[in-house]
Engineer: 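Provided herewith is a single structure, encoded as structure tokens, for subsequent inquiry.
The figures here come from the full heavy-atom set of this structure, side chains too, leaving out hydrogens, waters and symmetry mates. Numbers restart at 1 for each chain; the letters A, B, ... are given by sequence-line order, proteins then strands. Values in this document were obtained by computation on a predicted structure and should not be read as measured data.
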Amino acid sequence: MYWNDPRAWSPFDELQSLQREMNRLFDGYESRTAMSRFPALNVWGNEENVVVTAELPGLETDDLDISVVNNQLTIKGERKGEKPAEDAVCHRCERDYGKFSRTVRLPYAVENDKVTAAYQNGVLTVTMPRHEATKPKRIEIKTA
Amino acid sequence: MKDNKEKTLKKMEPSAVESTRDERVYVPETDIYEKEDAILVRCDMPGVAQDQVDIRLDNTELEITGTQGGHVPEGCTLLAGEYETGVFRRKFSIPQLIDRDGIKARLHNGVLDVELPKAEQAKPRKIEITAGG
């Protein structure tokens, strides 16, 4: 039997393929920038909408660029590293700044022109209505 | 007897201060700046509303707590999750004397700025050297 043969099956291969699957799930095509895993995204859904939320503190709405093309959502932006005052000396600098770009494939086709986005308390929420064809429909069962 | 002792030891296991709610505690990323007349603390606290921030200064210990609001979009279920929400909490020891009445805090787009003005006696003073005769 093939699963008794150590050459045929290895748990590490299995893990690697799982990792590849996960990477493919969350990665877009634009993974050129070093911060392509930033920001962390939560993808939500119901029968009407797909909602993507991201924690992006310290941005202004002008610094954000959101687009939906071909069932893929791209969030681009830049966090500026501004000093609170000219003469301030930084003793502890943990907060990152710079440009980021992230693309995710959406679980459903969406209406590109009806996408809305809100930015509140440093959390970005992108709401995308699902395309009519992908909404679940109840199928009537006809009795003979 | 021995069993009992072990049991009590287990029960007494020391731990940090725990939260009464079942929620995750995160350490917010923080920048600390110093100006001539103040110390500035800047924390990333996404998803925390203004009334959910608690700043305490106890002697030389500054504690900042921010509770994240529920981010679940109405009627939605999570399809793919990469981050979780909870509470941001962090303590710093502040060495300088702080003018407590002058502490200011501002929350803007998920970034908390706390300004701790130095007390008069802690501000740098230029000492004049008198030429000895």
Side-chain angles (χ1 to χ4, degrees), chain A residues 22 25-26 37-64 77 79-97 102 104-108 116 118-128 130, chain B residues 26-53 66-86 88 90 92-96 104 106-117 124:
Chain A
M22 293 303 282
L25 194 66
F26 290 117
R37 286 296 193 153
F38 180 87
L41 302 175
N42 276 357
V43 183
W44 310 80
N46 60 14
E47 291 186 5
E48 297 294 320
N49 296 303
V50 181
V51 181
V52 172
T53 58
E55 294 187 334
L56 287 165
L59 273 82
E60 297 297 331
T61 44
D62 291 346
D63 301 332
L64 278 162
R79 180 151 95 159
K80 290 166 183 136
E82 276 160 7
K83 273 188 168 189
E86 275 300 308
D87 57 333
V89 183
C90 194
H91 290 314
R92 185 192 272 268
C93 301
E94 297 172 354
R95 298 169 65 248
D96 283 325
Y97 54 89
R102 177 123 197 234
V104 276
R105 190 188 298 272
L106 299 166
Y108 310 104
T116 55
Y119 183 63
Q120 198 193 7
N121 290 334
V123 176
L124 175 73
T125 307
V126 186
T127 307
M128 296 158 280
R130 282 168 69 169
Chain B
Y26 297 99
V27 176
E29 290 185 349
T30 306
D31 286 352
I32 297 179
Y33 295 89
E34 185 171 354
K35 282 201 301 181
E36 200 157 284
D37 57 348
I39 292 169
L40 305 158
V41 179
R42 180 172 275 186
C43 300
D44 277 347
M45 288 195 170
V48 177
Q50 199 155 335
D51 55 347
Q52 294 295 314
V53 181
T67 309
Q68 289 188 304
H71 292 171
V72 184
E74 241 185 277
C76 286
T77 49
L78 187 64
L79 303 175
E82 292 180 342
Y83 70 87
E84 288 177 59
T85 57
F88 290 108
R90 198 152 179 185
F92 296 99
S93 69
I94 306 285
Q96 278 91 348
K104 276 181 271 182
R106 175 175 176 260
L107 186 69
H108 180 64
N109 284 346
V111 178
L112 177 73
D113 273 308
V114 184
E115 187 176 336
L116 305 153

Engineer: Taking the side chain as every heavy atom from C-beta outward, state whether B:Thr85 and A:Glu55 have any atom pair closer than 4.5 Å.
Structural biologist: yes
Engineer: Grab the two heavy atoms, one from B:Pro73 and one from A:Val51, that are nearest each other, plus how far apart they are.
Structural biologist: CG-CG1, 3.6 Å
Engineer: What's the separation between atom CG in A:Leu56 and atom CG in B:Asn109, rounded to the nearest 0.5 Å?
Structural biologist: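 The CG atom of A:Leu56 sits 10.5 Å away from the CG atom of B:Asn109.
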Engineer: For chain B, find which of A:Gly122, A:Cys93, A:Pro57, A:Cys90 contributes the most heavy-atom pairs closer than 4.5 angstrom.
Structural biologist: A:Pro57
Engineer: Please round to the nearest 0.5 Å and tell me the distance separating atom CD of B:Glu34 and atom CZ of A:Arg92.
Structural biologist: 13.5 Å
Engineer: Under 4.5 Å from any heavy atom of chain B, what part of A:Glu60 do you find: side chain, backbone, both or neither?
Structural biologist: both
Engineer: A:Arg95 and B:Cys43: which non-hydrogen atoms are nearest, and at how many Å?
Structural biologist: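 Closest approach of A:Arg95 to B:Cys43, heavy atoms only: NE-C, 4.5 Å.
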Engineer: Closest approach of B:Leu79 and A:Pro107, non-hydrogen atoms and distance?
Structural biologist: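 Looks like CD1-CG, 3.7 Å.
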Engineer: Say you draw a straight line from CG of B:Asp44 to CG of A:Asp96; how long is it, rounded to the nearest 0.5 Å?
Structural biologist: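 Answer for the CG-CG pair, B:Asp44 versus A:Asp96, is 9.0 Å.
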Engineer: What is the minimum heavy-atom distance between A:Pro84 and B:Leu40, and which atoms define it?
Structural biologist: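 Distance-wise, the nearest heavy atoms are CG-CD1, 3.6 Å.
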Engineer: To check you understand the geometry: which heavy-atom pair defines the closest contact between A:Glu94 and B:Asp31, and what is its length?
Structural biologist: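 Minimum heavy-atom contact is N-OD1, 2.8 Å.
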Engineer: Under 4.5 Å from any heavy atom of chain A, what part of B:Glu74 do you find: side chain, backbone, both or neither?
Structural biologist: backbone
Engineer: Which atoms form the tightest heavy-atom contact between B:Arg42 and A:Lys83, and what is the distance?
Structural biologist: NH1-C, 4.5 Å
Engineer: Does the side chain of B:Gln68 reach to within under 4.5 Å of the side chain of A:Val123, using non-hydrogen atoms?
Structural biologist: no
